[in-house]
Amino acid sequence: QVQLVESGGGLVQAGGSLRLSCAASGRTFSTLAMGWFRQAPGKEREFVAGISWSGRTTAYADSVKGRFTISRDNAKNTVYLQMNSLKAEDTAVYYCAATGKQGVRTKRADYDYWGQGTQVTVSS
């Protein structure tokens, strides 16, 4: 069983930055593909970014390309989401997810483990 704990959410003004972290335990981290999803009130949970086991391959939703960066530190069992140039529409609960499947995964159904979520609120 994999446990995921997110941190780093908060309130920020539009145009600002935040870095989310997700610490994983319960399985060798370098065998997990990781992803970030978000869910705004009244909306479906949507893919934001994903990263492969090694970190060499990443994928992003079109809405965050060029503003968000996903990275991982396998020595620290942690995946990050650097969010720059934040917009009001980025406001959501952000979830970390993990899967043992290879490659970068962009579909919610591909992920087996989920964190509890962290709130990001961007004020305009």
Side-chain angles (χ1 to χ4, degrees):
Q1 191 74 3
V2 175
Q3 293 80 44
L4 303 172
V5 179
E6 302 101 333
S7 61
L11 174 65
V12 64
Q13 289 188 334
S17 298
L18 280 176
R19 188 176 82 155
L20 304 183
S21 299
C22 173
S25 61
R27 175 169 166 167
T28 302
F29 186 65
S30 59
T31 66
L32 294 170
M34 303 296 295
W36 287 97
F37 287 73
R38 67 186 181 187
Q39 188 167 17
K43 295 189 176 181
E44 294 288 319
R45 191 173 300 188
E46 64 176 2
F47 171 77
V48 174
I51 190 165
S52 62
W53 293 0
S54 65
R56 285 193 287 267
T57 307
T58 58
Y60 296 92
D62 287 344
S63 59
V64 306
K65 279 181 183 176
R67 300 189 298 122
F68 290 12
T69 302
I70 189 171
S71 62
R72 65 189 296 158
D73 185 337
N74 286 350
K76 295 183 178 180
N77 295 347
T78 301
V79 63
Y80 305 97
L81 185 68
Q82 178 66 44
M83 306 186 293
N84 298 329
S85 302
L86 282 161
K87 306 175 182 179
E89 51 263 43
D90 295 318
T91 295
V93 177
Y94 283 70
Y95 296 90
C96 175
T99 176
K101 299 179 180 69
Q102 293 187 9
V104 179
R105 299 289 170 164
T106 63
K107 297 180 180 178
R108 183 178 174 180
D110 284 338
Y111 288 87
D112 304 306
Y113 308 101
W114 295 85
Q116 81 288 352
T118 186
Q119 177 71 46
V120 171
T121 303
V122 183
S123 63
S124 57

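Positions are given from 1 along the sequence.
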**Message:** Starting from I51, can I reach Y94 by hopping between I/L/V/M/F/W/Y residues whose side chains sit under 4.5 Å apart?
**Reply:** yes
**Message:** Please tell me whether V79 and W114 are part of a single hydrophobic cluster in this structure, the criterion being side-chain heavy atoms less than 4.5 Å apart.
**Reply:** no
**Message:** Restricting to non-hydrogen atoms, name the atom on L4 and the atom on A24 that form the minimum distance, rounded to 0.1 Å.
**Reply:** CD2-CB, 3.6 Å
**Message:** Does anything in residues 79-93 form a side chain to side chain donor-acceptor pair (under 3.5 Å)? List the pairs, not counting sequence neighbours.
**Reply:** S17-N84, R38-D90, R67-D90, Q82-N84
**Heavy-atom closest contact (S21 atom, T78 atom, distance)** = CB-CG2, 4.2 Å
**Message:** Could you check whether any side-chain heavy atom of K76 comes within less than 4.5 Å of a side-chain heavy atom of F29, counting everything from C-beta outward?
**Reply:** no
**Request:** Would you check if M83 and L20 make a side-chain contact, meaning some heavy-atom pair closer than 4.5 Å?
**Result:** yes
**Prompt:** Residues in salt bridge (Lys or Arg N to Asp or Glu O under 4.0 Å) with K101, at least two apart?
**Reply:** D112
**Message:** Check the orientation of F37 and F47. Use parallel for under 30°, tilted for 30 to 60°, and perpendicular for over 60°.
**Reply:** perpendicular
**Request:** State, to 0.1 Å, how close T31 and W53 come at their nearest heavy-atom pair, and which atoms those are.
**Result:** O-NE1, 3.3 Å
**Item:** Beyond-backbone contact of E46 with E44, side-chain heavy atoms, under 4.5 angstrom
**Value:** no
**Prompt:** Considering all heavy atoms of both residues, which atom of M34 and which atom of A98 are nearest to each other, and what is their separation?
**Reply:** SD-CB, 3.5 Å
**Message:** Looking at every non-hydrogen atom in both residues, tell me the closest pair between Y60 and A49 and how far apart they are.
**Reply:** CD2-CB, 3.7 Å
**Request:** Identify the heavy atoms of N77 and N74 that sit nearest to each other, and give their distance.
**Result:** OD1-O, 3.2 Å
**Prompt:** With a 4.5 Å limit on heavy-atom distance, are the side chains of W36 and C96 in contact?
**Reply:** yes
Distance-only donor-acceptor pairs under 3.5 Å for side chains of residues 104-111, two or more places apart:
| unit_1 | atom_1 | unit_2 | atom_2 | d |
| --- | --- | --- | --- | --- |
| R105 | NE | Q102 | O | 3.0 |
| R105 | NH2 | Q102 | O | 3.2 |
| Y111 | OH | R105 | O | 2.6 |

**Asked** Does Q116 reach the main-chain N or O of V5 with its side chain, forming a donor-acceptor pair under 3.5 Å?
**Response** no
**Prompt:** Do any N or O atoms from the side chain of R72 and from the backbone of A33 form a donor-acceptor pair under 3.5 angstrom?
**Reply:** no
**Message:** Check for me, please, whether V122 and V93 land in the same ILVMFWY cluster - side-chain distances under 4.5 Å, paths through other members count.
**Reply:** no
**Asked** Linking I/L/V/M/F/W/Y whenever their side-chain heavy atoms sit closer than 4.5 Å, directly or via other members, would V120 and I70 fall into one cluster?
**Response** yes
